[in-house]
Undergrad: 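Below is a structure I'd like to ask you about.
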Amino acid sequence: MCKDHADTHDTHDIRHDSAIARRGLLVTGAAAALALSTVSFANATPSGPSGTAGDESGEQTRTVRGTLPPGSPDFVHLPVEVPRGVREIHVAYSYERPAMPAGTQGNALDIGIFDERGTRLGGQGFRGWSGGARTEFFLRADAATPGYVPGPVNAGTWHIALGPYTVAPQGLAYEVTITLRFGAPDKTPKPVYPPERAKGRGRAWYRGDCHIHSVHSDGRRTPAEIAALARAAGLDFINTSEHNTHSAHSVWGGLWGDDLLILTGEEVTTRNGHVVALGMDGGTFIDWRYRARDNRFGHYAREIRRAGGLVVPAHPHATCIGCNWKFGFGDADAVEVWNGPYTVDDEVSLADWDNTLVSAARSGQSWTPAMGSSDSHRDPDPIGTPQTVVLAEDLTRDAILAGIRAGHSYVAESASVSLTFGAAGGRGRHAGIGDRLRVDADEPVTVRLEVTGAPGRTAHFVTDQGTLHTATLPESGTGTVEWRTTAAYATYVRAEVRHTPTTPGFPGALAAFTNPIFLGE
């Protein structure tokens with residue numbers, strides 16, 4: 001923020017103590033919020049007889065200070081009365097981060113903004129969110145800080161949304177500075193979203209990374225850098241998935257092509273877990289301001305599907321605060337069991353997902369496919385490690401999402417690893433990944449796995465009893481493994497390819513795994 005012309009600024013300090021804040025506790029929908037005192041600004045000084053606002057150098061600034069107590073609600077709303085004639089809103093904030101002893105959480109404060117249309121859960125007022133990734137942002141008609149949505153700065157009550165993610169025992173002291181810049185607005189450009197179709201290869205296996213972050217949330221890469229890295233990783237499609245904002249949907253112009261399909265989504269980042277809204281209509285925003293106790297997730301899962309997307313709980317057993325998935329999997333279309341470099345929490349997620357397959361296998365009811373994504377944020381995070389490889393009718397949004405939803409997919413650590421996995425039974429029946437081989441209970445079944453790009457790795461056939469067959473692949477990395485079984489012995493079979501274990505008692509990290517093939521009528 002430039003302050004070269006001090007005479008154009010009208011600066012006031014406002015103090016919000018925690019007692020005032022507590023008296024302003026409001027509940028709107030499912031979200032409890034502290035309502036602070038309203039910040040007001042004077043109308044712009046007319047520059048001429050027409051009554052138009054002053055020139056672009058006119059500014060007014062207010063600074064708000066306060067302290068939030070431990071146990072504050074998830075969101076604190078700071079109302080700001082925006083007068084007519086404002087061209088740009090600029091917000092900067094800071095907060096105290098005292099050192100804490102081991103085992104005690106310190107302060108972390110997120111930020112975003114809602115316009116004059118209000119803060120209602122699922123309403124139209126959302127204008128941007130940067131979480132804790134930025135210390136300042138601006139909005140105007142023609143442009144905005146990444147994570148925020150350009151558009152008119154209309155008169156009315158706007159709300160700066162503060163999210164006290166964690167609060168230290170002594171409280172969270174904060175300072176917010178709001179600057180309004182007056183002048184005639186520029187035009188808001190019409191958003192252009194990526195096309196829903198790339199050239200493709202017809203019915204084929206397509207590789208994609210569905211969980212990536214850019215500068216539009218807490219990533220450090222630009223969309224152009226991400227597109228280049230996706231191509232270098234051998235990907236056919238990616239999904240933009242910024243935390244709690246859709247601002248990146250319209251920034252991919254010139255970056256898609258016949259060789260790269262770009263899907264638009266969001267990582268809906270609640271206090272009880274994260275969900276990737278995968279492949280939604282461009283411009284769709286999904287609210288995140290609820291917990292499992294609020295019984296709202298089902299509604300927003302339907303909103304994702306109404307926008308043409310899939311509901312994919314992300315890293316369900318991650319250990320970061322608020323990351324562990326608490327909403328259950330009844331509304332999930334798929335689940336991300338492998339997130340970034342393979343770690344212990346991925347192993348737990350894989351095992352937990354595997355435990356859900358038995359009931360679906362025997363009942364014939366729907367099951368939840370597994371997938372994997374990089375969750376890449378910045379260098380040196382690789383894009384496409386891991387990647388979901390999908391059997392789709394073509395390289396289109398609908399075909400890719402249909403393949404993921406059906407479980408016609410496997411997950412690989414890179415484009416160098418390829419799998420072919422199938423089962424064959426009596427009278428020439430065959431089934432592939434995600435399908436059912438309908439055979440009698442005692443009828444012989446041959447399961448076959450072909451692998452390339454996995455030198456010296458170990459192939460495992462996993463069933464409802466656990467791992468029943470293991471074979472070491474040759475040093476060339478190319479090999480075929482077969483196993484004979486029956487539907488009475490194995491309710492389902494899926495394949496894993498693993499590295500050599502490096503930690504006693506812990507299986508080797510995954511190089512690839514498939515969704516299951518179910519056996520039996």
Undergrad: Give, for atom CZ of Arg498 and atom CG of Leu473, the distance between the pair rounded to the nearest 0.5 Å.
TA: 13.5 Å
Undergrad: Under 3.5 Å, side chain of Asp346 to main-chain N/O of Asn339, donor-acceptor pair present?
TA: yes
Undergrad: Does Glu443 use its side chain to pair, donor to acceptor, with the backbone of Gly425 at less than 3.5 Å?
TA: no
Undergrad: Apply salt bridge (charged side-chain N to carboxylate O under 4.0 Å, His left out) to residues Glu303 and Arg296 and explain how you reach the verdict.
TA: CA-CA 11 Å; Glu303 288 291 309; Arg296 290 299 184 97; over 6 Å; no
Undergrad: Sorted by first residue and then second, give each disulfide (SG to SG under 2.5 Å) pair with at least one member in residues 279-333; sequence neighbours left out.
TA: Cys320-Cys323
Undergrad: Between Leu510 and Glu496, is there a side-chain heavy-atom distance shorter than 4.5 Å?
TA: yes
Undergrad: Are the side chains of Asn107 and Pro98 in touch, meaning some heavy atoms are under 4.5 Å apart?
TA: yes
Undergrad: What's the separation between atom CD in Glu196 and atom CG in Leu395, rounded to the nearest 0.5 Å?
TA: 12.5 Å
Undergrad: Verify, without hydrogens or angle tests, whether Thr385 (side chain) and Ser414 (backbone) share a donor-acceptor contact under 3.5 angstrom.
TA: no
Undergrad: With no hydrogens and no angle check, is any side-chain donor or acceptor of Arg448 less than 3.5 Å from a backbone partner on Ala424?
TA: no
Undergrad: What's the spacing between Asn324 CG and Ser349 OG if we round to 0.5 Å?
TA: 8.5 Å
Undergrad: For Gly456 and Thr472, which heavy atoms make the closest approach, and how far apart are they?
TA: O-CG2, 4.3 Å
Undergrad: Shortest non-hydrogen contact from Tyr93 to Gly131?
TA: OH-O, 3.6 Å
Undergrad: Could you check whether His408 and Asp435, counting side-chain N and O atoms only, form a donor-acceptor pair closer than 3.5 Å?
TA: yes
Undergrad: Between Trp288 and Glu267, does a side-chain contact (heavy atoms from CB on, under 4.5 Å) hold up when you go through it step by step?
TA: CA-CA 9 Å; Trp288 78 99; Glu267 184 175 6; over 6 Å; no
Undergrad: Report the C-alpha distance between Thr446 and Arg484 in whole Å, list the side-chain angles of each, state the deciding distance to 0.1 Å, and finish with yes or no for side chain to side chain donor-acceptor pair (under 3.5 Å).
TA: CA-CA 5 Å; Thr446 299; Arg484 289 176 66 84; 3.2 Å; yes
Undergrad: Set out, in order, the CA-CA distance, both residues' side-chain angles and the distance that settles salt bridge (charged side-chain N to carboxylate O under 4.0 Å, His left out) for Asp74 and Arg289, then state yes or no.
TA: CA-CA 8 Å; Asp74 292 348; Arg289 295 171 295 155; over 6 Å; no
Undergrad: Any side-chain heavy atom of Asp259 within less than 4.5 Å of one from Lys199?
TA: no
Undergrad: Going by distance alone, is a donor N or O of one side chain under 3.5 Å from an acceptor N or O of the other, for Asp442 and Thr486?
TA: no
Undergrad: Once you round to the nearest 0.5 Å, how far does CG of Leu350 lie from CG of Asn355?
TA: 9.5 Å
Undergrad: Taking the side chain from Arg457 and the backbone from Ala511, do they hold a donor-acceptor pair closer than 3.5 Å?
TA: no
Undergrad: Looking at Arg494, is its backbone amide N or carbonyl O close enough to the side chain of Thr514 to form a donor-acceptor pair, meaning the two atoms are under 3.5 Å apart?
TA: no
Undergrad: Do Asp345 and Thr343 have a side chain donor and acceptor closer than 3.5 Å?
TA: yes
Undergrad: Less than 6.0 angstrom separating the ring centers of Phe329 and Trp353, yes or no?
TA: no
Undergrad: Which heavy atom of Ser374 sits nearest to which heavy atom of Gly384, and what is that distance?
TA: CB-N, 3.9 Å
Undergrad: Have a look at Phe114 and tell me which of Phe285, Phe75, Phe126 forms a ring-ring contact (aromatic ring centres under 6.0 Å, His included) with it.
TA: Phe126
Undergrad: Parallel, tilted or perpendicular: which fits the ring planes of Trp325 and Phe297, with parallel below 30° and perpendicular above 60°?
TA: perpendicular
Undergrad: Is any side-chain heavy atom of Asp379 closer than 4.5 Å to one of Arg220?
TA: no
Undergrad: Any idea which heavy atoms bring Tyr206 and Arg201 closest together, and the distance?
TA: OH-N, 2.6 Å
Undergrad: Would you call Asp394 and Arg197 a side-chain contact if the rule is heavy atoms closer than 4.5 Å?
TA: yes
Undergrad: Would Phe461 and Thr485 satisfy side-chain contact (heavy atoms from CB on, under 4.5 Å), going step by step from the backbone distance to the final call?
TA: CA-CA 11 Å; Phe461 288 152; Thr485 188; over 6 Å; no
Undergrad: Distance check, rounded to the nearest 0.5 Å: Thr396 atom OG1 versus Leu263 atom CG?
TA: 9.5 Å
Undergrad: Counting only heavy atoms not in Gln124, do more than 12 sit closer than 6.0 Å to its CD atom?
TA: no
Undergrad: Which residues pass the ring pair (Phe, Tyr, Trp, His ring centres under 6.0 Å) test with Tyr165, not counting sequence neighbours?
TA: none
Undergrad: What residues, two or more places apart in sequence or in another chain, satisfy ring pair (Phe, Tyr, Trp, His ring centres under 6.0 Å) together with Trp256?
TA: none
Undergrad: Could I get the full list of salt bridge (Lys or Arg N to Asp or Glu O under 4.0 Å) partners for Asp281, not counting sequence neighbours?
TA: Arg397
Undergrad: Please report the shortest heavy-atom distance between Ala230 and Leu260, naming the atom on each side.
TA: CB-CD1, 4.4 Å
Undergrad: How close do Pro70 and Pro169 get, heavy atom to heavy atom, and via which atoms?
TA: CG-O, 3.3 Å
Undergrad: How are the rings of His315 and His274 set to each other: parallel, tilted or perpendicular (split at 30° and 60°)?
TA: perpendicular
Undergrad: Could you check Phe237, Phe421, Tyr410 and say which one makes a ring-ring contact (aromatic ring centres under 6.0 Å, His included) with Trp205?
TA: Tyr410
Undergrad: Do the side-chain N and O atoms of Asn515 and Tyr492 include a donor-acceptor pair separated by under 3.5 angstrom?
TA: no
Undergrad: Side-chain donor-acceptor pair under 3.5 Å between Thr478 and Ser476, yes or no?
TA: no
Undergrad: Can you see whether Ser376 engages Arg221 through a side-chain donor-acceptor pair at a distance of less than 3.5 angstrom?
TA: yes
Undergrad: Less than 4.5 Å apart, side chain to side chain, heavy atoms only: is that true for Thr264 and His246?
TA: no
Undergrad: Only counting residues at least two apart or in another chain, list the ones meeting ring pair (Phe, Tyr, Trp, His ring centres under 6.0 Å) with Tyr148.
TA: Phe137
Undergrad: Would you check if there is a donor-acceptor pair between the side chains of Asn239 and His211 at a distance under 3.5 Å?
TA: no
Undergrad: Between atom OG1 of Thr467 and atom CD of Gln465, what is the distance when rounded to the nearest 0.5 Å?
TA: 11.0 Å
Undergrad: Under the 3.5 angstrom rule, does the side chain of Asp236 hit a backbone N or O of Arg207 as a donor-acceptor pair?
TA: yes
Undergrad: Show me the pairs that pass salt bridge (Lys or Arg N to Asp or Glu O under 4.0 Å) and involve residues 316-336, at least two apart or across chains.
TA: Arg305-Asp333
Undergrad: Do Leu121 and Tyr300 have side chains that approach each other closer than 4.5 Å (heavy atoms only, starting at C-beta)?
TA: yes
Undergrad: Between the side chain of Glu242 and the main-chain N/O of Ser214, is any donor-acceptor distance below 3.5 Å?
TA: yes
Undergrad: Checking Ser130 side chain against Ala133 main chain: does a donor-acceptor pair fall under 3.5 Å?
TA: no
Undergrad: Do Ser72 and Leu34 have side-chain heavy atoms sitting under 4.5 Å apart?
TA: yes
Undergrad: Between the main-chain N or O of Ala495 and the side-chain N or O of His460, is there a donor-acceptor pair closer than 3.5 Å?
TA: no
